[in-house]
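Below is one structure, written out as structure tokens; comments come after it.
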There are 2 protein chains.
Amino acid sequence: MNQKSRTKAGEAQGPTVIIVDDDDDMRGALANLFNSVGLEAVVFGSAQELLAAKFPETPSCLVLDIRLPGISGLEFQGQLAKLGIDVPIVFMTGHGDIPMSVRAMKAGAVDFLSKPFRDQDMLDAVATAIERDRTRRTSMQSVQALRDNYQSLTAREVEVMRYVTKGLLNKQVAGEMGLAEITVKIHRGNVMRKMVARSLADLVRMAETLGMHQSA
Amino acid sequence: MNQKSRTKAGEAQGPTVIIVDDDDDMRGALANLFNSVGLEAVVFGSAQELLAAKFPETPSCLVLDIRLPGISGLEFQGQLAKLGIDVPIVFMTGHGDIPMSVRAMKAGAVDFLSKPFRDQDMLDAVATAIERDRTRRTSMQSVQALRDNYQSLTAREVEVMRYVTKGLLNKQVAGEMGLAEITVKIHRGNVMRKMVARSLADLVRMAETLGMHQSA
DNA sequence: GTTGCCAGCATACGAAGGTTTAGGTCCTCC
DNA sequence: GGAGGACCTAAACCTTCGTATGCTGGCAAC
């Protein structure tokens, strides 16, 4: 009795706005608003319902009322972050205050609108949020491809990759690892092949993207 | 106990808070508050006065009242950004509203406090802002050093650096530039020396930091 | 027990990287 | 006009890279 939208749940094709509000009229009005500009909309009455559903595969964003049944929008924001769900959020509120808005923005919200808001303001906020999610998804995809390749490396290969992308010569790597230089060369060749790196420069950039040299 | 007086601009030794408020009492109270925790404070009555002065060399931040003589704090924030002055800002206001706070936070403000605020909230915000500025300064310094080296390169050397860090072999670079391979090697050696790069991996990372391969 | 994968090493060789020495032209600045 | 710098090239020489071939051994899965 929850998913009430113009779109079949989970079948979203285009950019999708996920609306969470306990007011049924508001949900409908927002869904209409977004549909009117070609955005798909999925609606939920509570945070729990949203968590039970699956997120769209397309660029999307959340439109959250601050006051939700059982949990505040701000808490929900933190909860999503903890779950590693990094979808842009546009907040709206009927009776919010400045500390509330500041907290939301600090936590990364795209916008924080007071009801009543102008339709255009909401559309602008959502457009920004969708665009942010699109960018995030694109970069996540390429990073994921890298990570997949990276995980196909053996422990030794990872070690060699680390040293090589740090700038060490094969013979130096061999010294560090207590191996013969020829063995390092073999591993290195495997790394290049598995990571699909066409040059050392490539590999260095991959190592950067994977955060192989940052302290932690 | 220790009654440190307000520091004059330019004398700052430690982290410094730059206060801009048209209320003299407020300025004094804030300066005392910051002094009490070991932070130096510089005060101004208007944005114009601040711009006329020189910014501290130490990690610092702005504490701005939204309502300033002649210009709003938000406009001033935008003005600073346009001038390339990227100092963290903590806003405070007596009668602000949510849109105002959201706009400030979107523009990168560290915090937005409503008067009256608790001293601790202000101190926390300022501590965060100072820390952010410290990080920014540190990274700016290393980037600046890189940029200095980069600007000592000749046009040809820049070109070679671009190709090499893209992953091209010397002979390929030579082909692209219509040069003999040996010439590329010479340029490449000069690049390594001038950029103080100890390995190709180093140079690739420098090129990344300098944004040599991003679209523009 | 055979197959497959990981790890390691040696020899060998061609390709690529890097430096030195030694030229040369062109241009600018004093 | 000469000094200096950017730019280009060559020959020579050494190092490093990368790969192939061949072989050993450990280990887990089928």
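Quick caveat, the model's predicted, so the values are computed rather than measured. Naming convention: chains lettered A, B, ... in sequence-line order (proteins, then strands); numbering from 1 in each chain. Just so it is clear, the values below take in all heavy atoms, side chains as well, and ignore hydrogens, waters and symmetry mates.
Inter-residue side-chain proximity for B/R134 and B/R137 is flagged as unmet; no heavy-atom pair is nearer than 4.5 Å. You'll find the side chain of A/I18 reaches within 4.5 Å of the side chain of A/F55, heavy atoms only.
A heavy atom lying under 4.0 Å from DNA chain C marks the following residues of residues 147-160 of chain A, by number: A/T154, A/A155, A/R156.
How far CD1 of B/I130 is from CZ of B/F34: 8.5 Å, rounded to the nearest 0.5 Å.
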Summarise protein proximity over nucleotides 15-30 of chain D in one line of letters, 5' to 3': B for base, S for sugar-phosphate only, - for none, counting protein heavy atoms closer than 4.0 Å.
-> -SBBBB----------

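Closest heavy-atom contact between B/A201 and A/V164: CB-O, 4.4 Å. The minimum heavy-atom distance between A/R27 and A/G45, with the atom names listed, is NH1-CA, 3.4 Å.
Phosphate proximity of D/dC8 to B/H187: present, with a side-chain N or O under 4.0 Å from OP1 or OP2.
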Please step through side-chain contact (heavy atoms from CB on, under 4.5 Å) for the pair B/Y150 and B/M195, ending with a clear verdict.
-> CA-CA 6 Å; B/Y150 181 69; B/M195 294 299 292; 4.2 Å; yes

Under the side-chain contact (heavy atoms from CB on, under 4.5 Å) criterion, do B/Q79 and B/L51 qualify, and how do the steps go?
-> CA-CA 10 Å; B/Q79 203 170 310; B/L51 286 177; 3.6 Å; yes

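Salt bridge status for B/E159 with B/R156: present, with a side-chain N to carboxylate O gap under 4.0 Å. Between B/D111 and A/K106, at least one side-chain N (NZ, or NE/NH1/NH2) sits under 4.0 Å from a carboxylate O, which counts as a salt bridge.
The environment of B/K166 atom NZ is sparse: at most 12 non-hydrogen atoms of other residues, nucleotides or ligands sit within 6.0 angstrom.
When DNA chain C is scanned in the 5' to 3' direction for atoms under 4.0 Å from non-hydrogen atoms of chain B, the outermost contacting nucleotides are C/dA16 to C/dT20.
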